[in-house]
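The structure under discussion appears below in the form of structure tokens.
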Amino acid sequence: MPQDKLIIFDTTLRDGEQAPGIALTPDEKLTIARQLARLQVDVIEAGFAAASDGDFYGVSQIAKLVKGPVIASLARCTPDDIDRAYDAVRHAERHRIHVFQSTSPIHMERMLRKTPAEVMQSIIESVRRARRYTDDVEFSPQDATRSDPDFMIATCQAAVREGATTINIPDTVGFATPQDYVGLLSRVYDEVLGGRDDVIVSTHCHNDLGLAVANSLTAIHAGARQIEGAINGIGERAGNTSTEEVIMAVTTRQDHFGVEVGANTAEIVPTSRLVSRLTGYPIQFNKAVVGRNAFAHESGIHQHGVLRDRETYEIMDPESVGATSQIVLGKHSGRAGFADALAKLGIVLEDDQFNEAFVAFKEMADRKVEINEQELRAIIRHGSRRVPDAIRMVSMRVRGGTDVEPTATVVVTRGEGSETEEFTGTGGGMVDATFAALKRASGLDPHLLDYRVVPVTSGADAMAEVNVVIQIDGMSRSGRAISTDVVEGSGHAFVEALNRVLNAGAGTPA
């Protein structure tokens, strides 16, 4: 038996654009509308045509140029708004006029300054007027969840009598809980539709209490067959129901919701990123479905599971929404994740090399939030150059400043199993002071031929590769190290060069 169709009504270009700081140009709105058509939403609310000449132009361009979805415009319950809305959408293959009127006591008394009787009359006249233009009319009793339920339902019944084909119940200020909302929607379904199958019950939920998606999805069980939302959940105050979350919740849990959507889910992530770019609103990293971390795994346990079988920790296939699964290398990563990253880079290491590289990786991961490809390659390059430790720097302390002579103190071991010793040096800068301290520790006095610092990545926690070349008794030796601390990396690179000299048996103690 086929499942019911859930209509996806996207209001990114109307309610979403009302978010503070968003001001899309007509061309930008058209770009987003075309992408929404590729996503295959059922209805695009292209704007509020009466709001401005620019909005009217944007809606009319979308109506003329975007094929596939129904194109809707919002209108207040006034003749001018309704006429303007029709003029904007009339060129669309399929069009809708969406009229709304507040029905809550606080809105009627303090904002509209109208009596319930006057509000009822304006709804009747407005739906009747819109119906003359189109057979697709939606009515919304604004602030429905704070309205007197009996009066609100009476306005919806009147709208249906006048020809409204969709009755939308807005939780305008995000006041409802799922239990409240499903109870209200159940009454609307029973008392307004009364068994009719030619009228759709819709939801429009805001996220002030973080319940927009939950309320919308719960309403499906009360008979709602249209959900209104915005891409990335943008909109007034805390935003709207997230279109992409609704699509994937229904797609993933059809066993629970019993409805189908016609969206092309592979276009979800491209749509999300386009909306973010054009609106200037970033996507939170942990945003469901489209956030940077939605399919990212850093924990060693999670990485191990996902590498064995994606479904151990992913209930959605990333590719189904246009994303990819990511194994993020960080301090919580284990050997499985590290090995997978090396394999993807085509790096093959012997067991001893792997163990050494993994230790170096974990040391670096303790300092950085995330290790990227360039940094991982640098870690492997450095590990492949390791030489026996005739001298090993255990720790270091440096001090410097505009009115303090740069001083470095290094703690080293000289020879396997030896006790730690401390040496201090001064110099023209903290790196120079570190080299002076290490010369004393090694008993050598090499000449520094070359010193270079090469950034591996950018940013405040960038990793740098430090290269030094020293010469003693006509012998030149190089050392290299990587670190997020240039001074410390310089010390380790200098130690590696010293070890090359000491392992060659060259050099005369200073």
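Computed from a predicted model, the values in this text were never measured in an experiment.
A distance of 12.0 Å separates CG in Leu36 from CD in Glu45, rounded to the nearest 0.5 Å. The distance from atom OH of Tyr133 to atom NE2 of His95, rounded to the nearest 0.5 Å, is 11.0 Å. Considering OG of Ser60 and NE2 of His91, their distance stands at 7.0 Å, rounded to 0.5 Å. Separation of atoms OG1 (Thr203) and CZ (Arg225) is listed at 11.5 Å; rounding is to 0.5 Å. In this structure, the separation between NE2 on His206 and CG on Asn240 is 4.0 Å, given to the nearest 0.5 Å. Here CG of Asp42 is found 6.0 Å from CD1 of Ile7. Values are rounded to the nearest 0.5 Å.
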* Asked: Which is it for Asp10 and Thr12 under the side chain to side chain donor-acceptor pair (under 3.5 Å) test, yes or no, and what are the steps along the way?
  -> CA-CA 6 Å; Asp10 187 84; Thr12 302; 2.7 Å; yes
* Asked: When you look at Glu93 and Val70, which way does the side-chain contact (heavy atoms from CB on, under 4.5 Å) test go after all the steps?
  -> CA-CA 7 Å; Glu93 291 177 332; Val70 173; over 6 Å; no
* Could you walk me through whether Thr177 and Asp180 pass the side chain to side chain donor-acceptor pair (under 3.5 Å) check? -> CA-CA 5 Å; Thr177 66; Asp180 297 335; 3.0 Å; yes
* Starting from the C-alpha separation in whole Å, work towards a yes-or-no answer on side-chain contact (heavy atoms from CB on, under 4.5 Å) for Thr271 and Ile268. => CA-CA 5 Å; Thr271 307; Ile268 284 177; 5.9 Å; no
* Passes salt bridge (charged side-chain N to carboxylate O under 4.0 Å, His left out), Glu162 versus Arg128? Steps please. -> CA-CA 5 Å; Glu162 296 302 325; Arg128 186 181 297 164; 2.9 Å; yes
* His256/His221 under ring pair (Phe, Tyr, Trp, His ring centres under 6.0 Å): CA gap, chis, key distance, verdict -> CA-CA 9 Å; His256 179 73; His221 297 296; 4.8 Å; yes
* **Check against salt bridge (charged side-chain N to carboxylate O under 4.0 Å, His left out), Arg253 and Asp255** => CA-CA 5 Å; Arg253 294 301 311 274; Asp255 62 313; 3.0 Å; yes
* To do: Evaluate the side-chain contact (heavy atoms from CB on, under 4.5 Å) criterion for residues Tyr86 and Ile82: first the C-alpha distance (whole Å), next the side-chain angles of each, then the deciding distance (0.1 Å), finally the verdict.
  => CA-CA 6 Å; Tyr86 175 68; Ile82 294 166; 5.8 Å; no
* Going through the checks in order, is the side chain to side chain donor-acceptor pair (under 3.5 Å) test met by Glu267 and Gln35? -> CA-CA 8 Å; Glu267 293 292 337; Gln35 181 59 38; 2.9 Å; yes
* To do: Take Leu184 and Met152 through the side-chain contact (heavy atoms from CB on, under 4.5 Å) test and state the conclusion after the steps.
  => CA-CA 10 Å; Leu184 184 61; Met152 188 274 293; 3.5 Å; yes
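Val59 and Val89 get closest at one heavy-atom pair: CG1-CG1, 3.8 Å. Shortest non-hydrogen contact noted between Ile167 and Cys156 is CG2-SG, 3.5 Å. Closest non-hydrogen pair, Ile44 versus Ala33, comes out as CD1-O, 3.6 Å. Closest approach of Asp135 to Thr165, counting heavy atoms only: O-CG2, 3.4 Å. Across Thr78 and Ser126, no two heavy atoms sit closer than the pair N-OG, 3.9 Å. Closest non-hydrogen pair, Thr134 versus Val137, comes out as O-CG2, 3.7 Å.
Under the 4.5 Å side-chain criterion, counting only non-hydrogen atoms from C-beta, Ser122 is not in contact with Ile124. Side-chain contact between Asn232 and Ser272 is present, with heavy atoms from C-beta onward closer than 4.5 Å. Within the 4.5 Å cutoff, side-chain heavy atoms of Arg273 are placed close to those of Val269. Between Phe139 and Thr155 the shortest side-chain heavy-atom distance falls below 4.5 Å. Taking 4.5 Å as the limit, some side-chain heavy atom of Ile106 sits within range of a side-chain heavy atom of Arg146. Under the 4.5 Å side-chain criterion, counting only non-hydrogen atoms from C-beta, Glu138 is in contact with Gln226. A 4.5 Å side-chain heavy-atom check between Ile153 and Arg187 finds at least one atom pair inside the cut-off. The shortest distance between side-chain heavy atoms of Pro141 and Pro170 falls below 4.5 Å.
No donor-acceptor contact under 3.5 angstrom links the side chains of Gln157 and Arg161, judged on distance only. Residues Ser104 and Ser147 have side chains that never bring a donor and an acceptor to within less than 3.5 angstrom of each other. For Thr265 and Ser320, the side-chain atoms include no donor-acceptor pair closer than 3.5 Å.
Side chain of Glu118 to main chain of Thr115: a donor-acceptor pair is present (N/O by atom type, distance under 3.5 Å, no hydrogens or angles). Judged purely by atom type and a 3.5 angstrom limit, Lys114 has no side-chain atom pairing as donor or acceptor with the backbone of Met111. Side chain of Lys29 to backbone of Ala46: a donor-acceptor contact under 3.5 angstrom is found. Using modelled atom types, one side-chain atom of Thr243 and one backbone atom of Gly229 make a donor-acceptor pair closer than 3.5 Å. The backbone N or O of Tyr281 sits less than 3.5 Å from a side-chain atom of Ser276, completing a donor-acceptor pair. With hydrogens and angles disregarded, no donor-acceptor distance shorter than 3.5 Å links the side chain of Asp81 to the backbone of Ala75. A donor-acceptor distance shorter than 3.5 angstrom exists from the side chain of Glu17 to the backbone of Leu24, with no hydrogens or angles considered. Remark: side-chain polar atoms of Arg14 are not paired, donor with acceptor, to backbone N or O of Phe48 under 3.5 angstrom. At distances below 3.5 Å, not a single donor-acceptor pair connects side-chain atoms of Ser202 with backbone N or O atoms of Ile227.
Atom CE of Met430 has 12 or fewer heavy atoms from other residues, nucleotides or ligands within 6.0 Å. Under a cut-off of 6.0 angstrom, the local environment of OH in Tyr189 is sparse, with at most 12 non-hydrogen atoms contributed by other residues, nucleotides or ligands. By the 6.0 Å contact criterion, CZ on Phe151 is enclosed, its count of non-hydrogen atoms from other residues, nucleotides or ligands being greater than 12. More than 12 heavy atoms of other residues, nucleotides or ligands sit less than 6.0 Å from atom CG of Asp150.
By the 4.0 Å N-to-carboxylate-O rule, Asp83 lies close enough to Arg129 to be salt-bridged with it. Salt-bridge annotation for Glu245 and Lys287: present, with a side-chain N of the basic residue lying under 4.0 Å from a carboxylate O of the acidic one. Remark: Asp136 does not engage Arg94 in a salt bridge, criterion side-chain N to carboxylate O under 4.0 Å.
Checked options Ile234, Ile283, Val290; the residue passing with Val275 is Ile234 (criterion: side chain to side chain contact (heavy atoms under 4.5 Å, CB included)). When each of Asn215, Asp15, Thr172 is checked for a side-chain hydrogen bond (donor to acceptor under 3.5 Å, both in side chains) with His204, only Asp15 meets the rule.
Judged by a 6.0 Å distance limit and a 45° cone about the ring axis, Arg84 is positioned over the six-membered ring of Phe56.
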